[in-house]
2 protein chains.
Amino acid sequence: MARPRSFDEDRVLHELRDRFWDAGYSATSLQDLMRISGLGKGSLYAAYGDKHSLFLRTLRTYVTEGNEGLRATLESEPRAVDALRKVLLSPVNPGAERGCFLANSTCELATQHADVRAEARQAYETMTELITACVAKAQQEGDLPADQDAKEFARSLLAAQQGVLYMGRTGMDLDMLRSVANDLADRLLPR
Amino acid sequence: MARPRSFDEDRVLHELRDRFWDAGYSATSLQDLMRISGLGKGSLYAAYGDKHSLFLRTLRTYVTEGNEGLRATLESEPRAVDALRKVLLSPVNPGAERGCFLANSTCELATQHADVRAEARQAYETMTELITACVAKAQQEGDLPADQDAKEFARSLLAAQQGVLYMGRTGMDLDMLRSVANDLADRLLPR
DNA sequence: GTTGTTGTTGACCGATTGGTCCAGAAATGT
DNA sequence: ACATTTCTGGACCAATCGGTCAACAACAAC
């Protein structure tokens, strides 16, 4: 009969994701992963496959959870336009300097790893769809012009948000980052 | 008497920068650098110092040249507002998928390498100053409201531009990227 | 207690890593 | 031609890399 695993796979996955996030994929060694998880190589390989498979899994987990968060944000306000504003302001948080794990990984690896590029592409298409639906709702509520292309505007909002995220990554202080996010929100969304 | 170097240090620096840009810092080995430059280790170490020093030098060269390009763009139009639009559109180019070497490196390394973070911070402060001067000029020319904070607006423009740059990095196709850049330009700048 | 199955550890592997150092080569002045 | 100085290549180094695999442990059914 099977012996159950003696560790929480999801909890370990999150701990390992944090290491990939902070150090990057290439600068994270199996030694690091073993130390952080408390597991031996055999256990890591059995549970997650090789290093790259493990990394992709942490990335997918991050994207899945991120999209859940995005959905929650987009549904968090009575008026859709307020939710869109919240999306733009979302990079302003105490963890701003870490940036976005997906963005960090895409910047580091997109040229040499088609699978990472594919993950990013799919993730941003999904986010674009989610934001597009919210834009359409704001249009229906009369807060955004009904004649503009919802998807095109969604892409612009996403690009602006990713710019704010990156500014956070560069170490811009939080007050300044908030000002930038608010300024962009004021210019892109009605008040 | 001193024997002169038998290779062009600047040309080699550019070739090595391209490798760091495409593969990232950590995934680039001395073996790679030797193969690309055609030099032995002794020559690389003598000319550029260790791997990290070489990397920082490629980054600084990139920033210096980038700022020259930014200055040129900001002075390339009779009206300053048109130059600002050009800055927003600058990520739309055949090399869009490579993204920005500074951004890639910052995303990969900022958490673990304070010197890279410091380079990024300084670089973006310089870019912000350059764009602020251009915004002020556009205000003088009556194309932008005179009562808005030039530097704050410059930061927003830079954030938006960095967002477009990153969208390029994710592999968004060029026509779509151009649409996003144009849309943001239309919304942030008068036409 | 025994048996069967799965989990775990870490030795082992070949390869690669970043960096040092020295012998020989090349450039240049005398 | 010789002497001096710097450049160059690559041997050498200890350490680390990602991954495999076998011995032992643990779990569970009988």
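- B/Thr126 places none of its side-chain heavy atoms less than 4.5 Å from the side chain of B/Leu70.
- Look at C/dG19: its Watson-Crick or wobble partner, with both distances under 3.5 angstrom, is D/dC12.
- Between A/Asp183 and B/Arg155 there is no salt bridge, since no side-chain nitrogen of the basic residue lies less than 4.0 Å from a carboxylate oxygen of the acidic one.
- Using a cut-off of 4.0 Å between Lys/Arg side-chain N and Asp/Glu carboxylate O, A/Arg121 and B/Asp173 are scored as not salt-bridged.
- A/Thr28 comes within contact range of the sugar-phosphate backbone alone, with a heavy-atom separation under 4.0 Å but no base atom that close.
- No side-chain heavy atom of B/Leu39 sits under 4.5 Å from any side-chain heavy atom of B/Met34.
- For the contact set between residues 5-17 of chain A and DNA chain C, defined by any heavy atom under 4.0 Å, the members are A/Arg5, A/Ser6, A/Phe7.
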Do any N or O atoms of the protein come closer than 3.5 Å to N or O atoms of nucleotides 10-16 of chain C, and which pairs are they?
| from | atom 1 | to | atom 2 | distance (Å) |
| --- | --- | --- | --- | --- |
| C/dG10 | O6 | A/Gly42 | N | 3.2 |

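- Between the CG atom of A/Leu165 and the SG atom of A/Cys100 there is a distance of 5.5 Å, given to the nearest 0.5 Å.
- With rounding to whole Å, B/Leu44 atom CG is found 17 Å from C/dC21 atom P.
- Separating the CG atom of A/Leu33 from the C1' atom of C/dT9 is a distance of 16 Å, rounded to the nearest angstrom.
- Between the P atom of D/dG10 and the CG atom of B/Leu30 lies a distance of 15 Å, rounded to the nearest Å.
- Checked against the 6.0 Å centroid threshold, A/Tyr124 and B/Tyr166 count as a close aromatic pair.
- Using a 4.0 Å cut-off between charged side-chain N and carboxylate O, A/Arg5 and A/Glu9 make a salt bridge.
- Ion pairing between A/Arg19 and A/Glu15 fails under the 4.0 Å rule for side-chain N and carboxylate O.
- Look at OH on B/Tyr25: it is 12 Å from C1' on C/dT17, rounded to the nearest Å.
- In the interface, the side chain of B/Arg3 is paired with the base of D/dC7 through a donor and an acceptor atom under 3.5 Å apart.
- Spacing between atom CG of B/Leu39 and atom P of D/dT8 amounts to 7 Å, rounded to whole angstrom units.
- Remark: C1' of D/dC12 and OH of B/Tyr45 are 14 Å apart, rounded to the nearest angstrom.
- Nucleotide C/dG18 holds its P atom 13 Å from the NE2 atom of B/His52, rounded to whole Å.
- As a whole-Å value, the separation of B/Tyr48 OH from C/dG19 C1' is 18 Å.
- Between A/Asp10 and A/Arg17 there is no salt bridge, since no side-chain N of the basic residue sits under 4.0 Å from a carboxylate O of the acidic one.
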